[in-house]
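Naming: A, B, ... by sequence-line order, numbering from 1 per chain.
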Amino acid sequence: MDRGYDECLYTIENSTITKALTVGDKPVLFRISSVRHSKLQIDVLSGYSPKIITVLGLYVSKWLDLDRDLAPFYKKLGRSNACAELTEKYKGLHLINIPNLFESICWSIIGQQINLSFAYKLKRRLVEKYGTSVQHQGKTHLIFPTPKSLQDAVPADLKIMQFSKQKINYLLTVANAFNTGQFSADHLEQLPTMKARQAKLLSLKGIGIWSANYVLMKSLNEPDSIPFGDAGLNKALKRLGIIKDRKEVQKIEAFFRPFAGWQSYLTLYLWRHLYGQGLVSNKKHEGQTSRQ
DNA sequence: TCCCAGGTGTCGA
DNA sequence: TCGACACATGGG
């Protein structure tokens with residue numbers, strides 16, 4: 001999970017992940033570590049209640065996409081000449097999701113058209129100013145802001161934090177849409193088709209096709225959501241010889257078609273392949289990776 | 001200095 | 001419908 005960026009919403013240390021979360025109205029801090037037989041153990045470090053383990057179990061399962069059996073995906077990868085090597089290289093790599101829809105939408109806006117290092121910087125500034133936190137053994141564990149806390153943000157403050165006027169406008173509009181009830185995770189999930197969910201996301205100012213598909217992939221676990229136009233994705237496809245130019249949309253669609261049911265995962269593996277090749281040079285350092 | 005980053009909205013043809 | 005362009009900043 002450690003991609004070498006300044007991730008502020010969880011901490012990786014000694015093969016464990018520590019994360020703070022708001023459950024109900026209460027902050028909870030938990031740690032995930034691996035135990036024997038490839039099992040994960042969850043320890044509640046603060047905010048324990050008898051019901052919390054069940055809630056955290058479901059959360060972690062969704063966050064790390066633990067219930068996904070990747071065997072059918074590897075079968076499809078094996079049939080593709082261009083992608084056969086991806087199985088061996090990244091076997092066991094699961095999606096890292098963003099279960100919180102508001103966070104996922106905000107993150108897609110923050111990450112638009114800037115390099116990832118800078119995007120992580122902006123996210124940290126936003127979370128430190130408008131989010132909450134849990135203190136534990138001298139360390140601060142940050143929790144992403146709620147729509148309500150971001151609604152009160154002053155544009156001038158966000159400008160000082162190096163958010164562009166456009167991004168400030170988009171973020172405040174999204175916060176407002178959640179606060180007024182125009183937008184909610186429940187409503188979005190209840191829409192009957194992926195197209196309908198995509199259209200709902202596209203209705204938000206600042207959410208284009210890339211962001212909508214990114215959110216569908218990371219927050220709603222859509223299996224066939226491809227962030228078309230993504231710079232990294234295009235670069236990976238060029239590297240594999242699938243396309244020569246990003247405008248070859250039909251070739252991209254034809255390449256993804258046999259992976260129906262696994263197109264989100266194919267995107268993940270292509271991204272990781274790109275990073276694995278060292279084509280993205282703006283990372284702090286090359287980190288040990290297992291999931292994206 | 002120039003170009004590219006996990007893009008989007010707007011405008012004009 | 002499509003291409004051009006502005007937006008905004010860091011890093012190679």
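- Using cut-offs of 30° and 60° for the angle between ring planes, the A:Phe183 and A:Phe178 rings count as tilted.
- The distance between atom NZ of A:Lys165 and atom P of B:dT10, rounded to the nearest whole Å, is 15 Å.
- For A:Trp63 and A:Asn97, the side-chain atoms include no donor-acceptor pair closer than 3.5 Å.
- For the pair A:Ile114 and A:Phe228, nearest-nucleotide mapping onto DNA chain B gives the more 5' position to A:Ile114.
- Regarding A:Lys167, its NZ atom lies at a distance of 9 Å from the C1' atom of C:dT9, rounded to whole Å.
- Of the listed residues (A:Lys123, A:Arg124, A:Lys121), just one forms a salt bridge (Lys or Arg N to Asp or Glu O under 4.0 Å) with A:Asp6, and that residue is A:Arg124.
- OP1 or OP2 of B:dG7 has not a single side-chain nitrogen or oxygen of A:Gln112 nearer than 4.0 Å.
- Between A:Phe255 and A:Phe259, the ring-plane angle classifies as tilted under the 30° and 60° cut-offs.
- At a threshold of 4.0 angstrom between heavy atoms, the contacts of A:Ile109 with the nucleic acid are absent.
- Rounded to an integer number of Å, the gap from A:Gln166 CD to C:dC7 C1' is 4 Å.
- Listed nucleotides C:dT9, B:dT8, B:dA5 differ in distance to A:Arg246; the shortest reach to its side chain belongs to B:dA5.
- Look at CG on A:Asp230: it is 10 Å from C1' on B:dG7, rounded to the nearest Å.
- As rounded to whole Å, 15 Å separates atom C1' of C:dG12 from atom CG of A:Leu116.
- The phosphate of C:dG10 (OP1 or OP2) has a side-chain N or O of A:Gln162 nearer than 4.0 angstrom.
- Atom NZ of A:Lys235 and atom P of B:dG7 are 11 Å apart (whole Å).
- Between A:Lys121 and B:dA5 there is no side-chain polar atom (N or O) within less than 4.0 angstrom of OP1 or OP2.
- C:dC2 and B:dA5 have their P atoms separated by 23 Å, given to the nearest Å.
- Of the two residues contacting DNA chain C, namely A:Lys247 and A:Ser164, the nearest-nucleotide position lying further toward the 5' end is that of A:Lys247.
- In this entry the distance linking CD1 of A:Ile209 with P of C:dC2 reads 14 Å, nearest Å.
- Dashed line: the shortest gap from a side-chain N or O of A:Ser211 to OP1 or OP2 of B:dT8 is under 4.0 Å.
- In this structure, OH of A:Tyr5 is placed 13 Å from C1' of C:dG10, rounded to the nearest angstrom.
- For A:Lys205, a side-chain nitrogen or oxygen approaches OP1 or OP2 of B:dT10 to under 4.0 Å.
- Across the C1' atoms, C:dG10 and B:dG9 are found 23 Å apart, a figure rounded to whole Å.
- Residues satisfying the side chain to side chain donor-acceptor pair (under 3.5 Å) test with A:Gln162, not counting sequence neighbours, are A:Arg125.
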